[in-house]
Amino acid sequence: MEAVSPAVGFFLAKPRILVGESITGYTARLTAFATRGGNRMTMELMDKPGHRAGWVLPSGLEKLASLLHPGVPPAETLLREHTLYPLFRPFLPDFAAASLRTHFLGSSVRGIAATCGLLPYGISARWNRAVCLACLNEDAKSGQFHWRTSHLVPGIAMCPIHSEPLYTYCTTCASGFRESLSAWLPSTRCACGGNLTPVHVLRTAEERTAESRIAQMAGQILTDPSFEVLGHDQILLAVANRAKEFGHGGPRGVMRLQKLLAQRIGQDTLDAHQICTGRRTAFRAAVAGQQLFRNPVQNIILISGLFGSLNNFIDAARNPNPAKLEPSLYRDVSGKVVRRRLGRPDSYAKWDRMSAIELAEMRTQSRCQALEAIRTGTTLTRSVFGRTPGACSVAYKFLLRFDREWLDKVFPPRPFTSRGTSRFDTERAQLDRSLAAHVYARRDTLLHAAAPFRLTKRRLLQGHSLTSARRATLDMLTNTQRALDECVESSPAWSIRRASLLLEHAFSLSPNAPFDRNITPANLSPTQLKRLYRKIQKWCEGRAST
């Protein structure tokens with residue numbers, strides 16, 4: 001074993017990590033016992049004096065396992081049993097889960113908190129280092145006080161084991177980690193000596209029951225190995241299929257799901273966890289099968305509302321075929337029966353709820369119907385096949401929705417053909433010709449004006465309007481664009497023309513002007529041209545004053 005400092009070596013005699021203890025709580029417990037060398041120990045573990053790993057998203061587990069080996073389990077065991085990684089991973093895409101794993105095992109990843117849905121003003125704002133008084137009483141009997149991983153889940157307010165409220169430091173001590181660095185071990189008193197405060201105030205019995213169920217499901221995910229095999233896509237598919245069973249789709253479907261969640265979870269709990277069902281929200285994206293919540297507690301609330309328990313959800317995720325709805329789930333809070341109404345005469349909603357085998361059978365049947373129509377009809381087109389009533393119309397709509405590529409090969413879509421020249425095209429052509437002529441005439445007028453001006457786009461178009469043709473813009477007028485490209489004067493060309501005009505004006509004032517008549521402004525550099533212009537301008541001003 002490699003040599004370690006006396007501060008770390010002092011704890012190798014008793015390095016046992018307790019069951020359910022968080023890895024940051026374990027390092028805090030070691031440092032708390034280090035009455036003399038604790039600062040030196042944290043310097044070795046975290047590379048900074050007085051610093052420690054984050055409570056929710058610690059990093060550097062491989063280094064910690066190597067320094068405290070062999071008493072501490074390997075880094076993989078620490079990741080699986082003593083961190084919140086099993087809770088975050090199933091609800092994250094593959095790239096985000098890989099970044100989170102790199103953060104836990106190796107060096108810290110920038111922005112990992114936002115990747116996991118822990119925003120400063122979101123649901124994680126309710127989180128603090130929490131303790132359960134019932135758990136502390138058990139620790140007092142054994143003599144080993146420690147921070148539990150299940151109590152550090154951002155968003156929960158109840159203990160997953162005892163269903164008791166979680167408590168944390170007072171507002172003054174919990175305002176920042178720096179103010180409570182001295183409190184390394186959990187205690188029944190605050191860091192300032194006062195009473196602990198609840199993580200979240202639960203006012204009603206319904207809210208207490210809902211929070212207890214959420215905390216128990218979070219604790220089950222952390223300890224249940226059957227949930228580890230589920231991936232992000234499986235969870236997303238199970239949630240989307242369950243939402244389709246409740247008729248999700250359109251405003252009515254969202255309202256129905258909102259009433260169901262409010263009935264099972266409680267509107268106060270939904271508001272506390274910031275789950276809103278308005279337009280363009282994460283809730284709509286989750287139930288539509290697009291993307292899950294990043295925060296695991298919000299996903300647990302959604303699963304609890306749709307499936308009732310985590311075991312039901314695991315069975316549905318392993319068996320993606322939609323099951324029959326219970327009759328009680330058809331009723332909303334008011335007790336009225338929710339009746340599904342299809343907006344079209346065909347069964348789009350029925351097709352969306354089909355299993356993969358039923359979809360394959362329907363696809364084969366629709367293809368056979370199309371091929372039979374082609375064989376019997378000599379001049380059958382795509383539009384005629386779609387307008388034929390009966391089985392042909394149903395097959396056409398199914399293929400257009402689920403087998404568009406095959407339908408395009410069998411019935412190629414007709415290319416777009418113009419319907420001829422419209423009145424708008426005629427007006428636009430007339431405007432294009434008149435505006436191009438106006439640009440050329442305007443250029444001749446500005447070139448022979450007494451006061452020289454630069455030929456800009458604005459001056460060339462002055463005196464003409466585009467309101468004579470409806471919805472006409474300069475991008476549509478090709479002749480006008482060509483005229484503007486020819487007539488608009490660039491900045492170097494304007495400088496040359498301005499110097500030439502000023503030189504002609506000087507010789508018109510006096511044939512004996514002190515300037516070279518054979519000079520060509522076009523052959524001068526920008527600096528020489530600028531000096532010449534200033535010299536001529538100064539001479540002309542002096543000549544005019546005398």
**Asked** Got a donor-acceptor contact below 3.5 angstrom from the Asp224 side chain to the Gln220 backbone?
**Response** no

**Fill in**
Rounding to 0.5 Å, atoms NZ (Lys63) and CG (Leu61) come to a distance of 12.0 Å

**Asked** Minimum heavy-atom separation for Cys159 to Cys135, with atom names?
**Response** SG-SG, 3.8 Å

**Prompt:** Distance-only, no hydrogens or angles: does the Ser99 side chain make a donor-acceptor pair with backbone N or O of Phe95 under 3.5 Å?
**Reply:** yes

**Message:** For a quick check under 3.5 Å, do Glu138 and His162 share a side-chain donor-acceptor pair by atom type?
**Reply:** yes

**Request:** Show your reasoning for whether side chain to side chain contact (heavy atoms under 4.5 Å, CB included) applies to Leu306 and Phe313.
**Result:** CA-CA 9 Å; Leu306 292 178; Phe313 169 72; over 6 Å; no

**Prompt:** Nearest heavy-atom pair of Pro154 and Asn295: which atoms, and what distance?
**Reply:** O-OD1, 4.4 Å

**Message:** Between Arg89 (side chain only) and Ala97 (backbone N and O only), is there a donor and an acceptor less than 3.5 Å apart?
**Reply:** no

**Message:** Test your reading of the model: is there a side-chain donor-acceptor pair from Thr149 to the backbone of Ser22, 3.5 Å cut-off?
**Reply:** yes

**Request:** Check Ala96 against Thr115 and note the closest heavy-atom contact, atom names and distance.
**Result:** CB-CG2, 3.6 Å

**Message:** Looking at Met362, is its backbone amide N or carbonyl O close enough to the side chain of Ser366 to form a donor-acceptor pair, meaning the two atoms are under 3.5 Å apart?
**Reply:** yes

**Prompt:** Are the side chain of Ser142 and the backbone N or O of Asp139 linked by a donor-acceptor pair below 3.5 Å?
**Reply:** yes

**Prompt:** Using 30° and 60° as the class limits, which term best fits the ring planes of Phe104 and Tyr85: parallel, tilted or perpendicular?
**Reply:** perpendicular

**Asked** Cut-off 3.5 Å, side chains only: do Ser163 and Ser212 have a donor facing an acceptor?
**Response** yes

**Request:** Could you check if a side-chain atom of Ile214 sits within less than 4.5 angstrom of a side-chain atom of Thr269, using non-hydrogen atoms only?
**Result:** yes

**Item:** Flag, side chain of Gln216 to backbone of Arg213, donor-acceptor distance under 3.5 Å
**Value:** no

**Request:** Quick one: closest heavy-atom pair of Pro186 and Leu136, and the distance?
**Result:** CB-CD2, 3.9 Å

**Asked** Heavy-atom distance under 4.5 Å between the side chains of Phe88 and Leu118, does that happen here?
**Response** yes

**Request:** Apply side chain to side chain contact (heavy atoms under 4.5 Å, CB included) to Phe293 and Ile301, showing your working.
**Result:** CA-CA 10 Å; Phe293 291 101; Ile301 294 174; over 6 Å; no

**Request:** Could you please spell out the steps behind the side chain to side chain contact (heavy atoms under 4.5 Å, CB included) verdict for Tyr396 and Arg382?
**Result:** CA-CA 9 Å; Tyr396 170 76; Arg382 180 171 180 156; 4.0 Å; yes

**Request:** State the CG-OG distance between Leu100 and Ser59, to the nearest 0.5 angstrom.
**Result:** 11.0 Å

**Any Leu270 side-chain heavy atom under 4.5 Å of Gln267 side chain** = yes

**Request:** Please round to the nearest 0.5 Å and tell me the distance separating atom NE2 of His82 and atom CG of Leu18.
**Result:** 9.0 Å

**Prompt:** Between His232 and Leu92, is there a donor-acceptor pair closer than 3.5 Å when you use the side chain of the first and the backbone of the second?
**Reply:** no

**Asked** When you check the gap from the basic side-chain N to the acidic O, do Glu76 and Arg101 get nearer than 4.0 Å?
**Response** yes

**Fill in**
Output for pair (Thr168 OG1, His151 NE2), nearest 0.5 Å, gives 12.5 Å

**Message:** How long is the straight-line distance from SG of Cys392 back to CD of Gln369, given to the nearest 0.5 Å?
**Reply:** 4.5 Å

**Prompt:** Yes or no on side chain to side chain contact (heavy atoms under 4.5 Å, CB included) for Arg208 and Met158, after CA distance, side-chain angles and deciding distance?
**Reply:** CA-CA 8 Å; Arg208 182 186 178 98; Met158 303 284 288; 3.9 Å; yes

**Message:** Counting C-beta onward and ignoring hydrogens, is there a side-chain heavy-atom pair between Ile221 and Ile300 closer than 4.5 Å?
**Reply:** yes

**Asked** Do you know the tightest heavy-atom contact between Leu196 and Ser187?
**Response** CD1-O, 3.5 Å

**Request:** Determine the sole option in Thr83, Thr77, Leu78 for which the side-chain contact (heavy atoms from CB on, under 4.5 Å) test with Arg80 is passed.
**Result:** Thr77

**Request:** Look at the side chain of His103 and the backbone N and O of Val109, then say whether any donor-acceptor pair between them is shorter than 3.5 Å.
**Result:** yes

**Asked** Is Leu84 close to Val153 at the side-chain level, that is, under 4.5 Å between some pair of heavy atoms?
**Response** yes

**Request:** Determine, for Phe91 and Arg294, whether the Lys NZ or Arg CZ falls below 6.0 Å from the six-membered ring centre while staying within 45 degrees of the axis.
**Result:** no

**Asked** Ile156 versus Glu211: any side-chain heavy-atom pair under 4.5 Å?
**Response** no

**Item:** Any Asn195 side-chain heavy atom under 4.5 Å of Arg189 side chain
**Value:** yes

**Request:** Ignoring hydrogens and angles, tell me if any N or O in the side chain of Thr197 forms a donor-acceptor pair with the backbone of Tyr169 under 3.5 Å.
**Result:** yes

**Item:** Side-chain heavy atoms of Leu399 within contact of Arg367, under 4.5 Å
**Value:** yes

**Request:** Identify the two heavy atoms, one from Phe411 and one from Ala370, that lie closest to each other, and give their separation to 0.1 Å.
**Result:** CE1-CB, 4.2 Å

**Item:** Atom pair CG (Asn241) and CG (Leu236), whose distance is rounded to the nearest 0.5 Å
**Value:** 9.5 Å

